[in-house]
J.: 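Once you've had a glance at the structure underneath, I'll fire off some questions.
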Amino acid sequence: MDKVCNVPVAIPSAPELILDLLVADGGTLSSQALCRAGELMGIGESTLRVGLTRLAAEGKIARGERGSYALNRKGPALSRAVDDWRHKQAQAVAWRGDWLAVHDAGVPRADKTAWRHHALALSLRGFAALRPGLNIRPDNLAGGLEGERVQLAALGLSRTALVFRLADLDDAAQAAARKLWNVRALTADCSRLQTGLERSEKRLRTQRLEVATRESLLLGRAVIAHLIRDPLLPAELMSPEPRAALLAATRRYQDKALVLWRKWLALP
């Protein structure tokens, strides 16, 4: 694990790089351009093309004319979640004190892949364990209970899990529920990541194009990964200001990073 401006960053795999670039670009990229990006990240052409084939087979990307590729916006929910990081804040609505709950004590753990998808769905939607087998989050997301059932199922939640609304907790359980998320750490992470973006943004102006381009992708994907997993807690549990400030900084940074990438890939 490397660091950029004191933010841990990981080198993406070929499929991850392809998805990152297609999400950022918002349009289509040629296989030649994607292979050039792979070179910058130390990914060989053959490995990159295997990644393209795999993503197309999984329905995550769509192939266009003359070897061009675009994100499949009707594809897997995880890809759409990554694609929609800029608008995640809009999912939050007023909280009335109730909770959304998932009971998964009866979900089998033998199929490790299925269990990993199940756990990832809970994590991406901001659920935390109140009791063994009982995961909850504030009922403050647009779409309410029915919308959450759809989102969780699309992300891979086990069909044997029960998804329901939880209300009228006693005082002790309500107090415990409110403390499930480490708000201090979440707030500190927002501040640290925002500082990293601001420092990097200054560095990008003086670095060589290839160095700045590489740094912008590594740091940008690390920050976006945080935003995607942000639980979107209501104001009653966490001030929305650190998240909003980080989101605004990330939007500015990614807009500049996109300019760098288009220069590097020699795109118009």
Side-chain angles (χ1 to χ4, degrees), residues 3-10 20 23-24 26 80-101 120-130 135-145 147-148 151-152 155 166 169 174-205 215-259:
K3 279 194 173 183
V4 172
C5 294
N6 205 35
V7 176
V9 298
D20 285 344
V23 166
R80 296 199 303 273
V82 174
D83 186 31
D84 202 40
W85 67 268
R86 288 177 178 266
H87 309 106
K88 185 174 181 179
Q89 182 70 33
Q91 298 176 22
V93 298
W95 187 44
R96 298 182 179 181
D98 291 343
W99 307 85
L100 297 176
L120 179 60
L122 290 173
S123 175
L124 289 173
R125 299 303 294 176
F127 282 81
L130 179 63
N135 307 276
I136 68 171
R137 66 150 295 118
D139 183 8
N140 71 317
L141 299 179
L145 175 59
E148 195 58 28
Q151 293 283 353
L152 287 167
L155 287 168
L166 184 63
L169 291 174
Q174 185 76 357
R178 286 171 169 264
K179 296 177 182 178
L180 289 177
W181 296 267
N182 190 336
V183 173
R184 180 176 296 181
L186 287 170
T187 301
D189 284 345
C190 286
S191 177
R192 176 177 56 83
L193 292 171
Q194 182 180 347
T195 298
L197 288 174
E198 291 168 350
R199 289 176 178 174
S200 177
E201 189 174 351
K202 293 178 181 179
R203 289 172 19 150
L204 298 182
R205 302 168 187 165
E215 177 173 312
S216 69
L217 183 133
L218 292 176
L219 181 58
R221 71 190 308 270
V223 177
I224 289 172
H226 171 85
L227 290 170
I228 292 169
R229 290 180 177 272
D230 187 285
L232 280 181
L233 298 175
E236 291 86 347
L237 300 184
M238 176 181 172
S239 169
E241 293 178 4
R243 181 199 307 126
L246 175 60
L247 180 59
T250 307
R251 286 171 174 161
R252 292 193 302 269
Y253 187 84
Q254 287 300 97
D255 288 343
K256 293 179 180 180
L258 182 58
V259 173

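Just so you know, residue 1 is the first one in the sequence shown, and it goes up from there.
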J.: Please list, chain by chain and in numerical order, all residues satisfying salt bridge (charged side-chain N to carboxylate O under 4.0 Å, His left out) with R203, sequence neighbours excluded.
T.: E215
J.: Is the closest side-chain heavy-atom distance between V223 and Y253 below 4.5 Å?
T.: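 No, too far: nothing below the 4.5 Å cut-off.
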J.: Show every salt bridge (charged side-chain N to carboxylate O under 4.0 Å, His left out) that has at least one partner inside residues 242-253, sequence neighbours left out.
T.: D230-R243
J.: Once rounded to the nearest 0.5 Å, what's the spacing between atom CG of N140 and atom CG of L233?
T.: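 Reported value, rounded in 0.5 Å steps: 7.5 Å.
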J.: Considering non-hydrogen atoms only, spot the tightest contact between P138 and L237 and give its length.
T.: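 What the structure gives for the nearest pair is CG-CD1, 3.8 Å.
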J.: Using the rule given for side chain to side chain contact (heavy atoms under 4.5 Å, CB included), can you reason through L100 versus R125, listing the C-alpha separation, both sets of side-chain angles and the distance that settles it, and then say yes or no?
T.: CA-CA 11 Å; L100 297 176; R125 299 303 294 176; over 6 Å; no
J.: Could you tell me which residues satisfy side chain to side chain contact (heavy atoms under 4.5 Å, CB included) with S239, sequence neighbours excluded, listed by chain and number?
T.: E241, P242
J.: List in chain and number order the residues that pass salt bridge (charged side-chain N to carboxylate O under 4.0 Å, His left out) with D98, two or more places apart in sequence or in another chain; answer none if no residue qualifies.
T.: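 Residues passing salt bridge (charged side-chain N to carboxylate O under 4.0 Å, His left out) with D98: none at all.
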J.: Going by the rule side chain to side chain donor-acceptor pair (under 3.5 Å), which residues pair with R229 if we only count those two or more places apart in sequence or in a different chain?
T.: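 Scan of R229 (side chain to side chain donor-acceptor pair (under 3.5 Å), adjacent residues dropped) gives S123.
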J.: To the nearest 0.5 Å, what is the distance between CG (L227) and CG (L232)?
T.: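 One finds 9.5 Å between CG of L227 and CG of L232.
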J.: How close do L169 and A177 get, heavy atom to heavy atom, and via which atoms?
T.: CD1-CB, 4.4 Å
J.: Holding to side chain to side chain donor-acceptor pair (under 3.5 Å), I want the full list of residues that pass it with Q174, two or more places apart in sequence or in another chain.
T.: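 Side chain to side chain donor-acceptor pair (under 3.5 Å) check on Q174 returns W99.
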J.: Rounded at 0.5 Å granularity, tell me how far CD1 in I224 sits from CG in L193.
T.: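 If I round to the nearest 0.5 Å, the distance is 11.5 Å.
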J.: State, with a plain yes or no, whether a side-chain heavy atom of C5 is found less than 4.5 Å away from one of T195.
T.: no
J.: Nearest 0.5 Å please: distance from the CG atom of L124 over to the CD1 atom of I228.
T.: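 It is 7.5 Å, given to the nearest 0.5 Å.
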J.: Do you know which two heavy atoms are closest between A121 and L152, and how far apart they sit?
T.: O-CD2, 3.7 Å
J.: Sequence neighbours left out, what passes salt bridge (charged side-chain N to carboxylate O under 4.0 Å, His left out) with R221? Give chain and number order.
T.: E16, D20
J.: Which atom names give the shortest non-hydrogen contact between W95 and D139, and what distance separates them?
T.: NE1-N, 3.5 Å
J.: Determine the minimum heavy-atom distance between S216 and Q254, stating which atoms define it.
T.: O-OE1, 4.2 Å
J.: CG of N6 to CZ of R199: how many Å apart, nearest 0.5 Å?
T.: 7.0 Å
J.: Is the closest side-chain heavy-atom distance between L120 and L155 below 4.5 Å?
T.: no
J.: Could I get the full list of side chain to side chain contact (heavy atoms under 4.5 Å, CB included) partners for L180, not counting sequence neighbours?
T.: A128, L130, I136
J.: Within the distance-only criterion (no hydrogens, no angle test), does the side chain of T250 pair as donor or acceptor with the backbone N or O of L246 below 3.5 angstrom?
T.: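 Side chain of T250 to backbone of L246, a donor-acceptor pair under 3.5 Å: yes, one is there.
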J.: For K256, which residues count as a side chain to side chain contact (heavy atoms under 4.5 Å, CB included) partner, sequence neighbours excluded?
T.: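 K256 satisfies side chain to side chain contact (heavy atoms under 4.5 Å, CB included) with E201 once adjacent residues are dropped.
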J.: Write down the atom of V7, the atom of A222, and the distance for their closest heavy-atom approach.
T.: CG1-CB, 4.2 Å
J.: Applying side chain to side chain donor-acceptor pair (under 3.5 Å), which residue pairs with at least one partner in residues 181-190 are found, sequence neighbours left out?
T.: D189-R192
J.: Once salt bridge (charged side-chain N to carboxylate O under 4.0 Å, His left out) is applied, do any residues pair with R137, and if so which ones, sequence neighbours excluded?
T.: none
J.: State which residues pass side chain to side chain contact (heavy atoms under 4.5 Å, CB included) with E198; sequence neighbours excluded, sorted by chain then number.
T.: Q194
J.: Is any side-chain heavy atom of L186 closer than 4.5 Å to a side-chain heavy atom of P231?
T.: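 The answer is yes, as the side chains (C-beta and beyond) meet within the 4.5 Å cut-off.
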